[in-house]
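Numbering of ligands and ligand atoms starts at 1, following listing order. Only a predicted model underlies this, so the values are computations on that prediction, with no experimental measurement involved.
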Amino acid sequence: MYSESDVLFEKSKKYMPGGVNSPVRAFNAVHRNPVFIDRAEGSRIFDVDGNEYIDYVCSWGPGILGHSRREVIEAVQGACAKGLTFGAPTRNEYVLAEMVQEMMPAIEMLRLVSSGTEAVMSAIRAARGFTGRDKIVKFRGCYHGHSDGLLVKAGSGALTQSVPDSLGVPEDYTRNTLVAEYNDIASVVKLFEEYGGDIAAVIVEPVAANMGVVLPKEGFLEGLRQISDKYHSLLIFDEVITGFRLSSGGAQAYFGVKPDLTTLGKIIGGGMPMAAYGGRKEIMEVVAPLGSVYQAGTLSGNPVATTAGIETLKLLRQEPGLYSRIEENTKKIADTVRETFGNRVCVNQIGSLMSVFFTGGEVTDYESAVQSDTEAYAEYFNYMLGRGIYLAPSQFEAMFISSAHSGADIQRTCEVIQDAEMAMPKF
Ligand code: KE4
C-alpha cells in the first residue's frame, strides 16, 4: 500500500528534478522517499497521510517561533488583503530596516532581497565594487547559497585554487574564489600573504551550520577581523542561519565581532521569502541607485514578506528569556544524545542549533565532519522519523529548536533518542 507522500513523490518526479524544489528535500542521504507536508503548527508538522511529527528542521531555520504563530499569521492575512505586491516603496521596508539596524547596529544600511543566495551574491558584488578587488575567501564546508562563484570546493591543502563542484559553473567563475579551512587562521594568512592586495572580502558562517554545526574556535572570528583589517579587505558574516537565532543580535552580538557586511535570511522573513544584505553605510552606498553596483529585484521588500518579518522580530524582541529557554531545551537534547551514544557521536551545540555527528572524534572543520558515518546517521534519522521525530535528512545539516518546542516535546524527543540507541545496530 503506497502512502500519499509516495504517490505525490512519483507524480512530482515527472515535473521537477528529483521531485523537489531544493535537493536536500529529496531525502536521498537517508535512503527513503520524503514525506510531503500538509500543514504545520507550533512544534508540529503533519504530512499528507496524517502523520504528526515534532519538527526539528523548522524549514531550515525560519521557524524559530514555531509554525503558524498566530500573531504572524494574522498580520500576514491582513497584509494580503491590502495587496500582495506593488513594486514600489512601502512603509514596511523602512520599519523592518530600522528594526534590523536597532538589533544589529553594524548594519547601518541594508537592501532587502528574496533569498539568502541573492543576499550573499549581492554582498560579494558590493564588496568587490567598494574595494575594487576581485578575490574572495570562503571556507571549505561553508555554504552560502548557490551563486556561481560560491559553488566551489577546495582541492587538497589549505591554500588552493578552487574548482567548481557543480556542473554549469565555468572554471573562470571560480578562479577568484579562494578556499581556506574553517577554524584554521593559518590557512587564511597563507591566502592573504599570496593574494592579500586582491582580496575583496572574507565570507564566513560565524557558526558553520552547513557541514553540520561547527563552532568557531576561540579567536577564529577575531583573527578574521584582524587579518581583514590588516589587508583592508572586508569581513562578511553570512548570518542567514545565525541571524536572530544565536541571539537577537545574531552571532556578531553573541561573539562580539563586528563584520563589515552581514547577510541575513530565514528568520528575517518569518517564513516568507525574504533576505537582506547590509553593513557599513559607506560600503552600501555603492549599491544602485546611489552607487554603481547594480542589484535589483521585483519582489524585494515585498509587503507580505516584510509584514511576516516585522511581526517575527517584534515577538523575538519582546519575549523575555526566549533565547535562554530554547538554548536550555537544546542543551537537554544534546546532553541526552551524548549520554546515550557516548563516544560514538560528537554533538556540537550552540544556542538553539545542534548537530549529532556519528563519529568518535571532535568535529571542528570540514575534514573532521566528513569522517562521520553517514549510514549510521541515516539509520538514526529513519528510526527517529518512524517514532514521530522529524530531523534534518542529512548528516551535514543542523537541528533547529524553536520557542514552540515544549518541555513535553523535549522529554519525548529524549526518550525516543534513548530508544534509538537500543534499536540501532552497534555501528
Ligand atoms: P537560500 O538561498 O536557500 O535562502 O539561502 C542560502 C544560504 C545562505 N547562507 C547560509 C549560511 C545558508 O545556510 C543558506 C541556505 N541554507 C540551506 C540549509 N542548509 C537551505 C536549505 C536548502 O538548501 O533547501
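Between Lys314 and Glu71, no side-chain nitrogen of the basic residue sits less than 4.0 Å from a carboxylate oxygen of the acidic one, so the salt-bridge criterion is not met. Between Glu74 and Arg70 there is a salt bridge, with a side-chain nitrogen of the basic residue lying less than 4.0 Å from a carboxylate oxygen of the acidic one. By the 4.0 Å N-to-carboxylate-O rule, Arg69 lies too far from Glu311 to be salt-bridged with it. Taking the charged nitrogens against the carboxylate oxygens, Asp260 and Arg225 do have a contact shorter than 4.0 Å, which makes a salt bridge.
The cationic atom of Arg39 (NZ for Lys, CZ for Arg) lies less than 6.0 Å from the six-membered ring centre of Phe46 and within 45° of the ring axis.
Within 4.0 Å of ligand 1, counting heavy atoms only, the contacting residues are Ser22, Val24, Trp60, Ser115, Gly116, Thr117, Tyr143, His144, Gly145, Glu205, Asn210, Asp238, Val240, Ile241, Lys266, Glu397.
Screening residues 58-67 for side-chain hydrogen bond (donor to acceptor under 3.5 Å, both in side chains) gives Asp55-His67 as the qualifying pairs, with residues at least two apart or on separate chains.
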